[in-house]
Amino acid sequence: MRLASVHLYPVKSLGGVDVDRAVVEPWGLRHDRRWVLLQPDGGTLTARTAPAMLGLTAVPGAGSITLTDRDGTSLTVAEPVHGPPVATSVSRLDTVRLAGDDAHDWLSARLGRPVRLGWLDDPRRRPVSTDHGGRAGDPLNLSDAGPLLVTTAPSLRRLRDWIVEGALERGEPAPDPLPMARFRPSVVLDGPVAPFVEDGWTGLRIGAVDFRFAERCDRCQLTLIDPVTLTSGKEPIRTLARHRRQDGRTWFGVRLIPLGGGEIRVGDPVTAG
């Protein structure tokens with residue numbers, strides 16, 4: 001196998017950016033999921049309930065991010081190193097630091113609701129839950145459950161085939177191929193391996209960086225939202241529920257925890273354990 005693509009999502013639930021390399025830190029990829037949108041009561045806002053978030057893109061810079069709307073308007077926001085702490089509902093985290101009013105106003109205007117932009121200053125303040133494969137000392141960025149989400153191209157190809165087969169059984173036309181972007185992976189792997197071989201991994205090496213298997217990833221309704229049209233449908237959950245349902249949940253991809261640091265690059269060799 002080889003590393004086929006790398007993806008960063010600087011703001012949780014906003015559109016991200018594809019990169020050809022990334023630095024692996026103990027809590028995930030550098031610049032990945034360090035920012036979050038908060039509702040007035042401190043609750044986390046995600047694209048599950050606000051799909052318009054997927055239409056905004058966040059690109060990391062040196063000590064900042066640049067937010068861009070589909071109309072081309074943008075705003076660069078500096079990391080609020082000395083920003084005021086504010087309570088958050090993010091699991092296993094008490095506070096994040098607030099960005100400035102310009103960021104809140106820009107985002108609120110585009111989402112049609114009042115929001116505030118928060119930044120996680122130190123991911124070591126948030127541990128990986130033991131329910132998601134965490135061990136003592138494992139830190140986490142603002143991802144739901146694990147530092148890295150890994151998917152494989154062979155698994156997506158099998159899922160696409162299942163979706164087409166199901167559509168033909170229902171007398172429907174074959175849909176367009178489901179993009180991997182629906183699953184918002186950190187890294188995508190490709191190579192001559194069986195679909196869903198990742199379910200049985202205990203570890204992984206990408207380039208010179210080692211990772212520990214944490215758990216399989218159960219998929220939520222966010223995968224139902226087309227990141228281009230921002231409309232919702234029944235796939236891929238309908239097909240995953242038919243072929244990949246276990247313990248009342250549907251599964252696609254696995255979560256990994258770094259055992260060391262370093263840089264990974266598209267094209268790096270990948271070895272699974």
Side-chain angles (χ1 to χ4, degrees), residues 1-10 12-13 15-34 123 128-129 131-135 138-160 178-220 222-223 227 236-237 240 243-244 246 249-273:
M1 290 185 295
R2 291 198 173 269
L3 179 57
S5 60
V6 183
H7 312 274
L8 302 177
Y9 310 91
K12 186 178 178 67
S13 269
V17 59
D18 302 343
V19 297
D20 61 4
R21 63 185 63 196
V23 175
V24 178
E25 298 177 321
W27 42 81
L29 299 182
R30 182 172 294 173
H31 304 304
D32 189 49
R33 295 176 173 92
R34 291 290 294 273
V128 179
S129 169
D131 292 337
H132 293 286
R135 299 175 184 171
D138 288 335
L140 183 60
N141 55 24
L142 294 172
S143 299
D144 284 345
L148 267 80
L149 172 61
V150 178
T151 59
T152 69
S155 297
L156 179 64
R157 288 192 284 267
R158 174 60 60 84
L159 176 58
R160 286 171 172 171
L178 187 82
M180 188 68 88
R182 289 287 189 99
F183 299 102
R184 295 174 68 84
S186 308
V187 298
V188 180
L189 312 180
D190 201 358
V193 295
F196 305 108
V197 67
E198 59 270 23
D199 290 353
W201 291 344
T202 58
L204 195 73
R205 166 168 279 204
I206 303 176
V209 183
D210 291 318
F211 302 86
R212 183 183 88 240
F213 175 87
E215 62 174 355
R216 292 185 298 161
C217 182
D218 58 310
R219 308 313 310 207
C220 69
L222 184 58
T223 62
I237 296 298
L240 288 174
H243 296 278
R244 296 278 297 165
Q246 186 178 0
R249 293 179 286 180
T250 58
W251 307 91
F252 191 90
V254 296
R255 295 187 176 105
L256 301 179
I257 293 175
L259 295 177
E263 186 175 74
I264 57 175
R265 305 173 182 86
V266 170
D268 275 350
V270 176
T271 305

Might you point out which heavy atoms bring Leu140 and Val128 nearest each other, and give the distance in Å?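 Answer, listing the atom of Leu140 first, then Val128: CB-CG2, 3.8 Å.
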Determine the minimum heavy-atom distance between Leu256 and Phe213, stating which atoms define it.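 For Leu256 and Phe213, the tightest heavy-atom pair comes out as CD2-CA, 3.8 Å.
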[X] [atom1] to [Y] [atom2] distance, which is reported to the nearest 0.5 Å:
| X | Y | atom1 | atom2 | value |
| --- | --- | --- | --- | --- |
| Phe183 | Leu156 | CZ | CG | 6.5 Å |
| Trp251 | Gln246 | CH2 | CD | 7.0 Å |
| Ser5 | Asp20 | OG | CG | 11.5 Å |
| Leu29 | Ser186 | CG | OG | 5.0 Å |
| Cys220 | Arg249 | SG | CZ | 12.0 Å |

Donor-acceptor contact below 3.5 Å, side chain [X] vs main chain [Y]:
| X | Y | answer |
| --- | --- | --- |
| Arg160 | Leu178 | yes |
| Arg265 | Gly207 | no |
| Asp32 | Tyr9 | yes |
| Arg255 | Cys217 | no |
| Arg2 | Gly267 | yes |

Please say which of Thr271, Asp268, Asp210 ends up in a side chain to side chain donor-acceptor pair (under 3.5 Å) with Arg205.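 When Thr271, Asp268, Asp210 are each tested with Arg205, the side chain to side chain donor-acceptor pair (under 3.5 Å) holds only for Asp210.
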For Asp18, give me all partners under side chain to side chain contact (heavy atoms under 4.5 Å, CB included), at least two apart in sequence or on another chain.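 Side chain to side chain contact (heavy atoms under 4.5 Å, CB included) list for Asp18, sorted by chain: His7.
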Is any side-chain heavy atom of Asp199 less than 4.5 Å from a side-chain heavy atom of Arg244?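 Asp199 vs Arg244: side chains touch.
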Any non-hydrogen side-chain atom of Glu198 less than 4.5 Å from a side-chain atom of Ser155?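 Result yes, sub-4.5 Å side-chain heavy-atom pair found.
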Check Lys12, His132, Arg33 against Asp144 for a side chain to side chain contact (heavy atoms under 4.5 Å, CB included) and give me the one that passes.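 Only one of Lys12, His132, Arg33 forms a side chain to side chain contact (heavy atoms under 4.5 Å, CB included) with Asp144, namely Lys12.
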What residue among Val150, Thr151, Leu204 forms side chain to side chain contact (heavy atoms under 4.5 Å, CB included) with Val254?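 In the set Val150, Thr151, Leu204, the residue that makes a side chain to side chain contact (heavy atoms under 4.5 Å, CB included) with Val254 is Val150.
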